[in-house]
Protein chains: 2
Amino acid sequence: MNLKELSERLALSPTTVSRALNGYPEVNEATRLRVTEAAARYNYRPNARALHLATGRSMSIGHIIPFSRTNEMVNIVFADFIAGAGEVYSLNGYNMTLTVVRDEDEMSAYRRIAENGSVDGLIVQSPVCDDPRIAHLAALDIPFLVHGRASDINIPYAWMDVNNTQALEVLTGHLIGLGHRRIGFINGQERMDFAQRRRQGYLNALKAAGITPEPALMYSGEMSEQNGHASADAMLALDDPPTAFVTSSVVPALGIRRAISARGLRLGQDISLACFDDDISYLRNGDVVPEFTAVRSSVRAAGRRCAQMLIDQINAPDHRLEHDLWEAELITGQSTGPCPGVQT
Amino acid sequence: MNLKELSERLALSPTTVSRALNGYPEVNEATRLRVTEAAARYNYRPNARALHLATGRSMSIGHIIPFSRTNEMVNIVFADFIAGAGEVYSLNGYNMTLTVVRDEDEMSAYRRIAENGSVDGLIVQSPVCDDPRIAHLAALDIPFLVHGRASDINIPYAWMDVNNTQALEVLTGHLIGLGHRRIGFINGQERMDFAQRRRQGYLNALKAAGITPEPALMYSGEMSEQNGHASADAMLALDDPPTAFVTSSVVPALGIRRAISARGLRLGQDISLACFDDDISYLRNGDVVPEFTAVRSSVRAAGRRCAQMLIDQINAPDHRLEHDLWEAELITGQSTGPCPGVQT
DNA sequence: GAATCACTCCAAAGCGCTTTGAATAGTGAA
DNA sequence: TTCACTATTCAAAGCGCTTTGGAGTGATTC
């Protein structure tokens, strides 16, 4: 059942039927009623492909994911982000188009998708420090929004981010306030922009307390349970081991906790542990995992916010590019305590 | 730059340009060369919306996810499945359309999406026992493929599944072979079809060994680390605790392991633990998590397979509906050992 | 009674591509 | 020279919707 057929059955023109269904004012209410009833009865559903061509919009937001990323721990955060964004898309009549591409095709995929009109906007996730995708998209003249930021880029673009630097300053500062001075830092891969900023936050806090950073206490790598365990274990084996750890995610925190308890140390007493918590649905701090002291910022909520910002941008293209910076919230849990042997 | 403009610059008709670009034989090779070169030079990219309308295909596969599911642990498996399916879509020129809907809108969403032509096929994930989605989709006359099966449905439909019953028979049988007779079973939610089948496999193995199943040793619930921990801990507190556990996923297995070690018991010696392993990228058994004895079947590979089967079905609609049943592979790790105090 | 206006409705022109059915030119056979 | 055929190319008709620019009513105004 298409528009033409429906309009024939109603002895009306397609124009009128279309307008009746789309709520245009120039149609008699009695007619509109007849039309909507007939549409419901015959189960009429406007063909999406025709609609997209006619309106020039695809009502779809694109997310591009290179193969290799599908392996990373980004995955776990990714799923929550997607869920949040998807909710908002849905509420606004949008779909999400996921495109998985080979790594070497990533750039050309952005180009192809931006130019062939299959999406109305794009979300860029997990930017690296000087992310080439941003300039590339900016040149392509399609609405896009970056979840995170790319430090060394000075063209304007829309982004939404959490204040990573400040978050790690707070977290590290909290441990310093408890008397800790040897604090192991287990970070994500530092080619990622967020990891760069978190590192900066860690360093800022040390500097403010007059503590000299020590390379042996700083690890950077993929944020897996395994890496958390291995790096923490190595630090604990040092002659002068750390009395506390800060880490970039709940996932390595689980590994760190395992390393701590394997050595017979008590979490929050012998050793403290604080982390950045993305508030991931099935690794909810204090629920699925034990309660860690953390700075928390929901990545799912971020997904919602990003989606909304992008949709706003699509609806008002001459609107200036928006930015949004969230502050993460400190939650003190049972995983941190005063540094043993120090008066606080 | 659209087809019309490009054809004008080439002083050719749109017909010829279109054919040249799409590899039709009735165009002179010299002309084709001119056309492809011009297309590259002017950066011509066929408009996807127009193409979809003209061809009657959207080159897109739909996945529908109700809000509530985005909370579940399904998420973690989901991300890997999506990654696998996405790879195959990409290789075949398809996109993936994810639609997040409110739970009460799930059915109508399937209907809307199937009927408005926005996708060429649908994947149904995580079927429950008498899943209403299947009959619903079958009536809608759109290619779809179920990852998993729904037990009580007798209309024909295409599916791909792992042999869950056999997998748990093997796993439980392995423990029985090691002399265990009190085996705790920590399963997923039993409204899910896969959980139902796994339960059956567990029961089959007990029956084959003449062991009477005991309700106190059987748990069913969402497969979180937390639930794994709590249920295992409760069973270990029984007067006559189990000497081994079987569980439906690596995630609860982590919780079970935590419960075991918290009681000072040694995994693989005092207590055995075996699990079904979906081979999830960032919880890879033996890599990210310790090596568990497991039956393994990659959910990512399943994603690939499902995608391929669905695409085959789309390309050959009169093709009979395919089924594929995979057997999971037993991997013996360090988490299982002979039952203490039993001669084997 | 003519002019104006609001209210409804419609014909037709896109949107940018594919595909059908012909037309044209060139070639070898008869 | 003519005919049948092949190789190329094109005009035009969709695909199913939206939207522009009227057109046809009565009702209202002067």
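Here is how names work: the chains are called A, B, and so on, in the same order as the sequence lines, proteins then strands, and each is numbered from 1.
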For this session: Using atom types as modelled and distance alone, determine if a side-chain donor or acceptor of A:Asp105 lies under 3.5 Å from a backbone N or O of A:Ser108.
Result: no

Problem set entry | A:Glu29/A:Arg32 salt bridge by N-O under 4.0 Å criterion | yes

For this session: Without swapping roles, check the side chain of B:Arg149 against the backbone of B:Asp161 for a donor-acceptor pair under 3.5 Å.
Result: no

For this session: Salt-bridge test for B:Arg41 and B:Glu37: reply yes if a basic N is under 4.0 Å from a carboxylate O, no otherwise.
Result: no

Exercise. Hey, is the side chain of B:Thr31 poking within less than 4.0 Å of OP1 or OP2 on D:dT9, counting only N and O atoms?
Worked result: yes

Exercise. What is the distance, rounded to the nearest whole Å, between atom CG of B:Asn2 and atom C1' of C:dG14?
Worked result: 13 Å

Seminar exercise, completed: A:Lys4 NZ to D:dG14 P, in whole Å, measures 8 Å

Exercise. Taking CZ from B:Arg34 and P from D:dT8, how many angstroms apart are they, rounded to a whole number?
Worked result: 14 Å

Exercise. Are any side-chain N or O atoms of B:Arg34 and backbone N or O atoms of B:Leu10, one a donor and one an acceptor, separated by less than 3.5 Å?
Worked result: yes

Exercise. Should the pair B:Arg9 and B:Tyr42 be classed as cation-pi, given the thresholds of under 6.0 Å to the six-membered ring centre and 45° from the axis?
Worked result: yes

Exercise. Looking at B:Tyr24, does any N or O in its side chain come under 4.0 Å of the phosphate oxygens OP1/OP2 on C:dT19?
Worked result: yes

Exercise. Between atom NE2 in B:His52 and atom C1' in D:dC17, what is the gap in whole Å?
Worked result: 16 Å

Exercise. Atom CG of B:Leu3 to atom C1' of C:dC15: distance rounded to whole Å?
Worked result: 13 Å

For this session: Tell me which nucleotide among D:dT18, C:dT8, D:dG16 gets nearest to the side chain of A:Asn22.
Result: D:dT18

Exercise. Taking atom P of D:dG14 as reference, at what distance in whole Å does atom CG of A:Leu53 sit?
Worked result: 17 Å

For this session: Starting from P on D:dC17, measure out to CZ on A:Arg57 and report it in whole angstrom.
Result: 19 Å

Exercise. Should B:Asn47 be listed as having a side-chain N or O under 4.0 Å from OP1 or OP2 of C:dC17?
Worked result: no

Would you tabulate the nitrogen or oxygen pairs shorter than 3.5 Å linking the protein to nucleotides 10-13 of chain C?
from	atom 1	to	atom 2	distance (Å)
C:dC10	OP2	A:Ser13	N	2.8
C:dC10	OP2	A:Ser13	OG	3.1
C:dC10	OP2	A:Thr16	OG1	2.9
C:dC10	N4	A:Arg19	NH1	2.6
C:dA11	N7	A:Thr15	OG1	3.4
C:dA11	N6	A:Thr15	OG1	2.7
C:dA12	N6	A:Thr15	OG1	3.3

Exercise. Charged N to carboxylate O under 4.0 angstrom, A:Arg102 versus B:Glu87?
Worked result: no

Problem set entry | Between C1' of C:dC15 and CD of B:Glu5, the distance in whole Å | 15 Å

